[in-house]
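This report refers to the structure that appears directly beneath it.
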Amino acid sequence: MAEQCIFCKIRDGQVKSNILHRDDTCFVIRDIAPKAPVHLLVIPNEHFTVLTSLTPGHAKMLGGMFIAAQQMAVREGVDKAGYRLVINQGDHAGQQVPHLHLHVLGGRQLTAMG
Ligand code: AMP
């Protein structure tokens, strides 16, 4: 665990959060500052910072994150209307928390990205 990482603290119960889903690859919480009616964060259990460090050994982790994202989209009722999955990587993408996470955004018409 990275000592100062908010997502590691949530994973370990040191910071309270409602964990909606947890499995051996990842866990899911609601974003504290939602940008859409449904705004979830799918977070790998492993503290993982930069996508450039990905190896084939991370395939299970990434697969688990995408499976959890689509299951949560169904649970939240946004799967039929559509939703967006976003990963912000680095400064130019506006990444705030340096622990890989997948945003799941839905529940309204989303505007084009830019
Ligand atoms: P990113 O900009 O991709 O790094 O996204 C980080 C996200 O984490 C932001 O949308 C924040 O609102 C969210 N966030 C930060 N702290 C918490 C927290 N304690 N609980 C839930 N979401 C958080």
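Starting from 1, each residue takes its place in the sequence as its number. Order of listing sets the numbers, starting from 1, for every ligand and every atom in it.
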Criterion side chain to side chain contact (heavy atoms under 4.5 Å, CB included) on M72 and L20, from CA distance to verdict:
CA-CA 9 Å; M72 290 305 304; L20 305 174; 3.8 Å; yes
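- Taking a 4.0 Å cut-off on heavy atoms, V86 fails to register as neighbouring ligand 1.
- When each of I29, I19, L102 is checked for a side chain to side chain contact (heavy atoms under 4.5 Å, CB included) with I43, only I29 meets the rule.
- Here the closest heavy-atom approach between residue P37 and residue R108 is recorded as CD-CG, 3.8 Å.
- Closest to atom 2 (O) of ligand 1 by heavy atom, among S17, P98, G94, P34, is G94.
- Remark: the backbone N or O of N45 is not paired with any side-chain donor or acceptor of R22 at under 3.5 angstrom.
- One option in K9, Q95, Q89, H101 has a heavy atom closer to atom 3 (O) of ligand 1 than any other, and that option is H101.
- Residue-ligand proximity, I29 to ligand 1, at heavy-atom distances under 4.0 Å covers atoms 20 (N), 21 (C).
- Applying the 4.0 Å criterion to heavy atoms of F7 picks out, from ligand 1, the atoms 8 (O).
- Between L100 and the options T49, N88, L51, L54, a side chain to side chain contact (heavy atoms under 4.5 Å, CB included) holds for only L51.
- Closest protein heavy atom to atom 4 (O) of ligand 1: Q96 N, 2.7 Å.
- Atom numbering of ligand 1 starts at 1 in the shown order; those under 4.0 Å from a heavy atom of L41 are 8 (O), 13 (C), 22 (N).
- Within the listing of ligand 1, atoms 1 (P), 2 (O), 3 (O) sit less than 4.0 angstrom from a heavy atom of N88.
- Residue contacts with ligand 1, taken as heavy atom pairs separated by less than 4.0 Å, involve I6 solely via side-chain atoms from C-beta onward.
- Of all protein heavy atoms, the one lying nearest to atom 11 (C) of ligand 1 is D31 OD1, 3.4 Å.
- Counting the atoms of ligand 1 from 1 in the order shown, those under 4.0 Å from a heavy atom of A33 are 12 (O).
- Residue contacts with ligand 1, taken as heavy atom pairs separated by less than 4.0 Å, involve H103 solely via side-chain atoms from C-beta onward.
- If you run side chain to side chain contact (heavy atoms under 4.5 Å, CB included) between C26 and each of H101, M65, M61, R11, only M65 comes through.
- In this pair, H39 and H103 present their aromatic rings tilted. The plane angle is within the 30 to 60° band.
- Between K60 and E46 there is no salt bridge, since no side-chain nitrogen of the basic residue lies less than 4.0 Å from a carboxylate oxygen of the acidic one.
- Among protein heavy atoms, the minimum distance from atom 17 (C) of ligand 1 is reached at I32 CG2, 3.8 Å.
- Close contacts between ligand 1 and V97 involve ligand atoms 4 (O), 6 (C) [criterion: under 4.0 Å to a heavy atom].
- Considering only heavy atoms from C-beta on, R30 stays 4.5 Å or farther from V28 through its side chain.
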